[in-house]
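This structure is in structure tokens; I'll ask about it shortly.
None of these values were measured; they are calculated from a predicted model.
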Amino acid sequence: MISDKSPASCLAVLGTGSDVGKSIVVTALCRIFANRGIRVAPYKAQNMSNNSGVTPEGLEMGRAQIVQAEASRIAPHVDMNPILLKPTSDIGSQVVVLGEAIANRTAREYHHQKEGLFSTACLALDRLRESYDLVVLEGAGSCAEVNLMPHDIVNFRMAEYARAPVILVGDIHRGGIFAQLIGTLECLPQDCQDRIAGFIINRFRGDISLFQDGTQWIESRSGKIVFGVLPWVDRIGVEAEDSVVIENPGKPALDREAGPAIAIIRIPHISNFTDFDPLNRLAGISTAFLEQPQELSRFNAVILPGSKNTCFDLKWLHRNGWSALLKTYVANGGHVLGICGGYQILGTRVHDPDGLEGPPGSTDGLGLLPVETVLKAPKTTTLSAFEWKGVTGKGYEIHMGQSRRLEGVPLLTITERNGFACHEADGAQAGDFSVMGTYVHGIFDTPGITRLWLDQIGLGHVPVSPDHGPVERDLAYDRLANHFESYVDVEAILSILTA
């Protein structure tokens, strides 16, 4: 049994690379342990992602750890992700510490702050260990990047601080699973090798029994257990951690007979792309992330998502021909929705007088909404309740700057922010409501709001389940846990915590 005394036990899930399944393994373990009555919490010392959310305290943290907290059946807290890096360029990020944006830093500048931030991350973990029975740590990228290990604050250094046994996750779908696992061990110093208790092999396609010899070879060569081999599974419904899952989207089929379809423009600095997961799960609708400019008449609606660099992404839309395509689409009766940065993009101008996203200056918007935006501090981070046409919903806001409506009417009425009642206009709509924009993320989590929007874009016949949104996500965590327990020796994992 896991002791209920402080400090809590810790288990670390590290990976052979990015997007090998660390987040999904942590999510599965959190739900499994919670189902067994263990008070479990997730933790990731440093996350690099533009996919973030808001805690009940109105603070910002990585969306993946919010998902893991939901799987643990607890409220998210910034101690679960004390350091969040939100990339604004190829070499720089906004640094969020304990839920508050402190500065934009280049990679080199951030490197010089790591020691102090490691202390911050350790204190956050200590607080979690005082409140829970078990903390499941998630690493970042590959745990064996030998050039980065001396300055690591999220992989083995944190596992060592937590005295946590390590599960190493590899992705067999990429090929080279033997090199992934054994090669990772070979790159590590002996003390890190010794901390690894065993492996989980993710995304296996085919007959698992045919891999038995492979499992035996890995165990014989490494002297460590393979806890399980997870088969590839589609549509469990758990949110992905980061936009690597929508990299390089291809062109979808443009056949009108294929049924209703919604396009999401895959801008370079896309954020909070999981806003659209509820749409992905609607029966009878397909969604497509589009990066290459293309004719849009095939789609029932086009969505401009959030952006971590609105001005850069606006210029990208202009330069690549998307601006003209979107304007033609609207002129021909198409429906466009902008969320957060997408809302700002739809306006007439975006001003950045303080250079928050690059050189100071102004950028022409698409001019599809009568809105003008000024980017400025402080950053807004709120859990928000709202109303649209008499239907209430809940979401969250994360944005720098304010947008001023020059004419027309707002889209939503915000009725509560971070637990405090209010009555404030949000967003804008234009024409016969064919173009709409809002700062609220997560609007499709509310079944009634999704129903209203589908009606608005002419898809009133598409059914929306009352389990749509958070209820559906909770069911997905149980599906994931059941799938995981069918193929992974959870008892063996628990045994390493008491060894």
Next item on the list: Could you tell me whether the side chain of Arg105 and the main chain of Tyr110 form a donor-acceptor pair under 3.5 Å?
Entry: no
Margin query: Just checking Glu57: does its CD atom have more than 12 heavy atoms from other residues, nucleotides or ligands closer to it than 6.0 angstrom?
Written below: yes
Next item on the list: Would you confirm whether Asp275, through its side chain, and Gly442, through its main-chain N or O, come within 3.5 Å as a donor-acceptor pair?
Entry: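 Present.
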Margin query: side-chain hydrogen bond (donor to acceptor under 3.5 Å, both in side chains), that's the test. Do Gln94 and Lys379 meet it? Break it down for me.
Written below: CA-CA 11 Å; Gln94 182 184 74; Lys379 190 175 192 178; 2.5 Å; yes
Notebook entry, point to check: Is any side-chain N of the basic residue among Asp79 and Arg127 closer than 4.0 Å to the acidic one's carboxylate O?
Noted result: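 A salt bridge links Asp79 with Arg127.
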Next item on the list: Could you tell me whether the side chain of Leu11 reaches within less than 4.5 Å of the side chain of Ile167, counting heavy atoms only?
Entry: yes
Item checked: Residue pair Met80 / Leu128, side-chain heavy-atom distance below 4.5 Å ->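 Heavy-atom side-chain distance check passes, below 4.5 Å.
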Check: Is there a side-chain contact between Phe33 and Ser72, using heavy atoms and a 4.5 Å cut-off?
Finding: no
Margin query: Does Arg195 qualify as a cation-pi partner of Phe156, given the criterion of NZ or CZ under 6.0 Å from the six-membered ring centre and within 45 degrees of its axis?
Written below: no
Notebook entry, point to check: Under 6.0 Å from the CZ atom of Arg73, do we count more than 12 heavy atoms belonging to anything else shown?
Noted result: yes
Check: Got a salt bridge between Lys308 and Glu357, using NZ or NE/NH1/NH2 to carboxylate O under 4.0 Å?
Finding: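 So Lys308 does not pair with Glu357 through a salt bridge.
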Notebook entry, point to check: Do Asp445 and Arg473 have side chains that get closer than 4.5 Å, going by heavy atoms?
Noted result: yes
Next item on the list: Using only heavy-atom distances, determine whether the side chains of Ser307 and Asp313 contain a donor-acceptor pair under 3.5 Å.
Entry: yes
Check: Is the Phe276 ring parallel, tilted or perpendicular to the Phe444 ring (thresholds 30°, 60°)?
Finding: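 Tilted.
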Next item on the list: Kindly compute the distance separating NZ (Lys394) from CG (Leu383), expressed to the nearest 0.5 Å.
Entry: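 Taking NZ in Lys394 and CG in Leu383, the distance rounds to 9.0 Å.
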Margin query: More than 12 heavy atoms of other residues, nucleotides or ligands under 6.0 Å from CZ of Arg221: yes or no?
Written below: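 Incorrect, the count does not exceed 12.
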Checklist line | Ser23 side chain to Glu138 side chain, donor-acceptor N/O pair below 3.5 angstrom | finding: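 There is such a pair (donor and acceptor under 3.5 Å, judged by atom type) between the side chains of Ser23 and Glu138.
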Next item on the list: Give a yes-or-no answer on whether the side chains of Asn47 and Ser49 include a donor-acceptor pair shorter than 3.5 Å.
Entry: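 Not at all, the side chains of Asn47 and Ser49 share no donor-acceptor pair under 3.5 Å.
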Notebook entry, point to check: What orientation do Phe211 and Phe204 show, parallel under 30°, tilted 30 to 60°, or perpendicular over 60°?
Noted result: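 Ring orientation of Phe211 relative to Phe204: tilted.
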Notebook entry, point to check: Without hydrogens or angle criteria, can the side chains of Tyr396 and Asn272 be said to hold a donor-acceptor pair below 3.5 Å?
Noted result: yes
Checklist line | Intermediate values then yes/no, salt bridge (charged side-chain N to carboxylate O under 4.0 Å, His left out), Lys224 and Glu219 | finding: CA-CA 5 Å; Lys224 301 176 187 297; Glu219 291 182 335; over 6 Å; no
